[in-house]
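Contents: one structure, followed by commentary.
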Amino acid sequence: MAAARTVAFHTLGCKLNFSETSAISRLLENEGFEKKDFDDQADVYVINTCSVTDNADKECRHLVRRIQRQAPASLVVITGCYAQLKPQEIAGIPGVDLVLGAAEKFNIAQHLRELSKGDSAKICSCDIDTVNHFNASFSIDDRTRTFLKVQDGCDYSCSFCTIPMARGKSRSDTIANVVKNAEQIAARGTKEIVLTGVNLGDFGIAPGNDQQNGGRRTENFLQLVEALDKANGPERYRISSIEPNLLTNEVIECVAASRHFMPHFHIPLQSGSNKILRLMRRRYQRELYADRVQLIKRLMPHCAIGVDVIVGFPGETEEDFRETFDFLHSLDISYLHVFTYSERDNTPALDLKPVVPVHTRHERNKALRNLSWMKMQYFTQQHAGQIRKVLFEINVKNNVIEGYTDNYIRVTTPYRPEWVNKVIDWTL
Ligand code: SF4
């Protein structure tokens with residue numbers, strides 16, 4: 001009998017990419033492939049790229065060079081958002097054998113059957129407008145928490161963003177299928193599922209073509225949350241990130257009344273200046289955001305709220321930035337994820353002036369990271385002495401394990417094997 005072919009993966013970017021890498025890996029394991037670590041020798045290496053990562057190109061080249069040193073005869077496959085956006089550029093990287101766009105990444109097994117090491121890379125990619133199917137994906141066995149993809153693509157057109165070009169139109173799994181997956185994941189012992197999507201709040205648009213209702217809304221996010229709350233799923237759910245205009249009062253109320261949905265929201269703000277929000281083509285103003293935070297904290301005073309914010313967007317003056325800083329300072333939020341604006345090809349933001357000098361972008365990033373640190377300290381101190389439920393994770397580093405409370409406060413403690421993947425009452 002021939003030895004099993006081996007495959008190793010490397011994922012760049014977001015939770016969605018992690019869930020998809022995991023699904024692709026299971027798919028290949030079902031085809032008889034044996035999974036290896038990326039540092040090990042393998043017959044095939046798959047890199048799942050991201051378009052949001054700065055220097056995606058550089059990172060990709062670096063990884064391919066590493067593979068060539070490690071296993072020069074192996075096949076190298078590049079997929080993911082960057083592969084969809086810049087297939088030619090990636091195909092030009094010496095050592096790459098196959099570039100798979102958005103429509104093809106889940107057909108990888110078939111492509112590998114036909115692939116041999118050659119001089120030039122094969123590109124299998126199509127126009128993103130024709131990508132309309134939905135592939136359910138989830139990560140499992142990799143983490144105590146499972147990322148479950150329930151939605152893909154985005155119909156918004158934020159002026160800085162390439163994701164709609166890389167992932168196509170908004171489309172979702174069905175509630176029935178998500179519930180089935182959640183129950184199966186829970187049955188395998190996973191305690192927490194993180195619902196992920198590109199524009200999660202837009203959940204409910206059917207994939208496929210017209211005859212199959214494709215492109216039409218058949219369900220919505222509130223119905224999904226209600227159904228999961230009643231299902232025989234895991235102890236805990238988290239909502240990964242949701243646009244403020246789609247985080248309705250009903251969703252907030254449902255989470256507040258739920259035993260399974262954790263008191264934790266991650267809500268992108270991007271800017272605290274209405275002028276900049278307009279230039280970004282976001283679909284809300286700061287007043288709506290403040291209302292959302294207020295309602296959440298009124299119903300769940302202990303709720304964690306994380307905020308994405310972009311600094312240095314074109315046209316952002318010192319005054320606009322100050323407005324963002326003061327707004328964030330005034331909000332009852334727990335932490336920030338700060339992104340420094342960087343130019344992306346084919347986005348409308350490229351035409352906006354004046355461009356903010358790079359060193360100013362970095363200064364603003366630093367100021368907000370300091371604010372984030374203070375917010376997190378304050379949030380943690382507010383809960384000092386309280387008993388909260390902590391889910392300890394599988395990863396052990398230097399004999400220490402970590403876990404998160406229901407409201408996303410990180411806890412570390414010396415390794416206790418009996419606590420791994422357990423929810424423990426913990427005094428903060
Ligand atoms: S909502 Fe805006 S930022 Fe988010 S994926 Fe869609 S276009 Fe990009």
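Excluded from the calculations below are hydrogen atoms, water molecules and symmetry mates; all remaining heavy atoms, backbone and side chain alike, are included. Note that the structure is a prediction, hence the values are computed from the model and not measured. Atoms within a ligand are numbered from 1 in the order they appear, just like the ligands themselves. Numbers here simply count residues along the sequence, with the first being 1.
When heavy-atom distances to ligand 1 are checked against a 4.0 Å cut-off, Pro164 comes that close only through its side chain, counted from C-beta outward.
The atoms of ligand 1 that sit less than 4.0 Å from any heavy atom of Val198 are 5 (S). The atoms of ligand 1 that sit less than 4.0 Å from any heavy atom of Phe160 are 3 (S).
The closest approach between Arg167 and ligand 1 stays at or above 4.0 Å for every heavy atom of the residue.
Between Arg167 and Glu20, at least one side-chain N (NZ, or NE/NH1/NH2) sits under 4.0 Å from a carboxylate O, which counts as a salt bridge. Look at Lys389 and Glu192 and you find no salt bridge, because none of the NZ, NE, NH1 or NH2 atoms lies under 4.0 Å from a carboxylate O. One finds a salt bridge joining Asp152 and Arg171 here, because a Lys/Arg side-chain nitrogen approaches an Asp/Glu carboxylate oxygen to under 4.0 Å.
Atom 2 (Fe) of ligand 1 lies at 2.8 Å or more from every N, O or S atom belonging to Cys154. Atom 8 (Fe) of ligand 1 has Cys161 among its coordinating residues (N/O/S atom, backbone or side chain, under 2.8 Å).
Ring orientation note: the planes of Tyr335 and His264 are tilted relative to one another, at an angle of 30° to 60°.
With a 6.0 Å cutoff to the six-membered ring centre and a 45° limit on the axis angle, Arg364 does not count as a cation-pi contact of Tyr341. Geometrically, Arg322 engages Phe325 in a cation-pi contact, judged by NZ or CZ lying under 6.0 Å from the ring centre and within 45° of the ring axis.
The single protein non-hydrogen atom nearest to atom 2 (Fe) of ligand 1 is Cys158 SG, 2.3 Å, given as residue, atom name and distance. Among protein heavy atoms, atom 4 (Fe) of ligand 1 sits closest to Glu243 OE2, 4.2 Å.
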